[in-house]
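Values in this document were obtained by computation on a predicted structure and should not be read as measured data. Whatever order the structure lists ligands and atoms in, that order sets their numbers, starting from 1.
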Amino acid sequence: MGARLTETHCPYCALQCGMKLSVDHRGVRVIPREFPTNRGALCQKGWTAADLLISHERLTSPLMRERRNEPLRPVSWEQALARIASAFVRIRERYGRDAIGIFGGGGLTNEKVYALGKFARAVLGTRNIDYNGRFCMSSAATAGMMALGLDRGLPFPLEDIPNAEVILLVGANPAETMPPIMQYFNEQQRRGGRLIVADPRTTATARAADLHLQLTPGSDAALANGLLHLVMAQGHLDHEFIATRTTGFEAVRRIAAAYWPERVERLTGVPARLLRKTAHMLGDCRYLMILTARGAEQQSRSVNNVLAFINLALALGKVGRKYCGWGCLTGQGNGQGGREHGQKADQLPGYRRLENPLDREHVARIWKMSPEQLPAPGRSAFELLDSIGTDNGLRALLVIGSNPVISAPDSGRIVRRLSSLDFLAVADIFLSETAELADVVLPVTQWAEEEGTMTNLEGRVIRRRQAIQPPAGARSDLQILAGLAALLGAPGVIADEPRAVFDELRRASAGGVADYAGITYERIDRQEGVFWPCPDKNHPGTPRVFLERFATADGRARFHPVEYEHPAEEPDDEYPLYLTTGRVTAHYQSGAQTRRVAALNASQPEPFVEIHPAIAHDLGIAPNELVRLATRRGAALMRARLTETLRMDTIFAPFHWGEAGCANLLTNPALDPLSRMPEFKVCAARLEKLTPAAVLPMVCSDDRS
Ligand code: SF4
């Protein structure tokens with residue numbers, strides 16, 4: 001019998017590359033397929049994704065422990081769900097509804113995200129739900145809403161990228177994080193376009209660029225203001241666009257006037273001559289795109305960073321026009337849909353707001369409850385976790401599709417917080433580092449074993465299709481939420497079948513900012529995905545937004561005056577280096593999945609820190625030596641990789657590993673005042689050479705003691 005082929009998408013990042021899964025008696029095989037995002041290409045994570053389905057580490061039975069110091073033991077589903085329900089009831093009666101929290105993920109399908117938000121508000125009645133996308137996209141989302149009235153990562157499809165004459169990529173390294181997307185940038189350059197990359201590291205993307213601006217970590221807003229100063233001075237402003245399609249330029253102009261090139265060179269480390277050259281390139285072209293990513297967006301002033309680059313694009317009249325615009329490169333697989341349908345602390349489905357009475361009324365009607373029963377907005381992700389053990393803080397937590405022990409900043413503190421919960425339940429496919437701390441662990445189905453929709457970085461809603469049966473013993477997240485709802489006295493409130501949930505999501509999102517009302521599974525199949533907003537079945541979807549008006553009340557984009565502010569922590573005598581964190585090609589997010597794929601693990605098997613050879617020489621550090629890396633939060637052990645791709649004042653550590661090599665033991669939880677994004681990308685650090693005898697005690701040390 002021939003192989004059975006199923007068209008679906010990669011389980012990892014927001015590019016959501018198209019692939020086929022070929023299933024026969026030999027197992028499951030990945031075959032790349034032509035899809036508008038990846039044009040037949042996959043990165044090594046995509047190629048090896050089928051290994052996730054056969055991992056011997058897969059959880060296939062619920063696990064439970066009676067007391068924290070006991071080991072987890074297999075139990076029946078009935079026992080596991082009953083334990084969760086009884087813990088929730090007990091804690092709700094004793095401490096109130098808000099003592100129970102939900103922590104979701106940016107990789108969950110739209111259906112799961114919707115059901116999770118409804119479960120929190122309509123079943124548990126808690127205001128405390130947030131998700132790991134807060135650590136990923138929240139600053140770009142906030143800035144997009146403030147300036148343009150809409151948060152859709154890219155305002156245009158990827159196919160527009162090759163038409164841009166100039167692209168400025170800020171804090172983005174797609175050549176390593178989503179390699180197939182480079183086809184578009186490569187084509188843009190082949191057609192004569194220019195690619196400019198702003199990044200403290202000479203990444204693979206920076207090496208492919210025509211110009212690299214190697215800025216000081218955390219100086220993004222100064223760079224944007226400096227470029228705005230120069231395009232003003234060089235006469236590149238689009239006065240007609242500013243007058244007819246925007247408001248608020250005057251205040252921005254006054255601020256930019258103080259960012260002359262020599263000052264910006266001091267703030268950013270980018271030579272004034274390169275600033276002038278960049279400004280000419282930005283100002284002289286007809287089609288300009290400015291794309292930001294986590295480098296600029298994961299800082300304690302990252303909404304300002306993004307707003308400053310949007311100001312620049314607006315001043316040049318390069319937003320809301322063909323082959324132009326500001327956009328962000330979303331990271332997680334459903335990072336876009338995951339922030340639209342209700343797992344965010346302040347949000348209802350369709351990007352509706354919990355503070356808005358009309359939004360509350362609409363969603364309450366769909367959920368068959370009164371608007372007064374809907375809770376108020378809750379705590380953001382880090383604040384939610386950090387409230388554990390405090391007065392009025394969380395007492396119980398359900399984590400679905402996330403591994404905050406690895407991905408949250410100051411993770412040593414997060415482990416202590418999670419360990420002090422009265423009750424922790426985790427649903428995952430593997431025993432992640434967070435699941436290891438749980439009282440109850442629920443084994444769930446994964447991408448190729450279930451149906452659902454995802455929304456990729458373009459705002460294109462696509463289908464994830466089931467190719468194989470899940471292992472006996474695993475249940476879908478929807479089944480779990482439906483089962484818990486029934487045990488908590490709300491049978492039927494959560495549907496356990498993806499199509500039924502999606503139909504309800506469509507109604508709940510109708511008329512909202514992220515309107516999915518006209519999107520059906522069948523249309524997604526016919527159209528290779530449907531771009532939101534899509535308000536009815538006859539609407540074609542919206543690949544390009546803002547062409548006629550911005551999504552604000554008066555249709556105009558908003559300038560926002562932004563001053564550069566220093567990062568929350570700067571190098572000093574004690575911690576003399578900038579530490580910046582990020583990803584490598586072989587691993588995805590917390591590594592809970594990719595560290596279990598043999599080929600990926602072989603490619604990048606252990607934590608490492610990149611160090612400039614001159615710094616290593618000063619400290620007597622040899623290549624591949626184990627070094628101690630310390631910040632005011634804690635210390636980590638990593639293998640030294642010497643490279644000249646870094647600035648002399650900066651070291652870089654990927655965050656995919658746990659235990660003593662966890663980079664987030666070091667990162668700073670200083671939060672952006674608007675988006676509540678932690679400062680993953682900048683903190684002050686110290687490197688130390690280790691003697692072999694010192695290694696073990698160092699593993700457990702706390703640098704504050
Ligand atoms: Fe494509 Fe991202 Fe999957 Fe790589 S990880 S194959 S870039 S979707």
In the protein, N/O/S atoms that are found under 2.8 Å from atom 3 (Fe) of ligand 1, waters not counted: Cys10 SG

Do we see a donor-acceptor contact under 3.5 Å between the side chains of Asn305 and Gln299? yes

Is any side-chain heavy atom of Phe103 closer than 4.5 Å to a side-chain heavy atom of Leu398? no

Between Gln446 and Glu450, does any side-chain donor sit less than 3.5 Å from a side-chain acceptor? no

Any ion pair linking Arg499 and Glu111 (charged N to carboxylate O, less than 4.0 Å)? no

Minimum heavy-atom separation for Ser22 to Leu5, with atom names? CB-CD2, 3.5 Å

Among side-chain atoms of Asn456 and Thr37, is any donor-acceptor pair under 3.5 angstrom? no

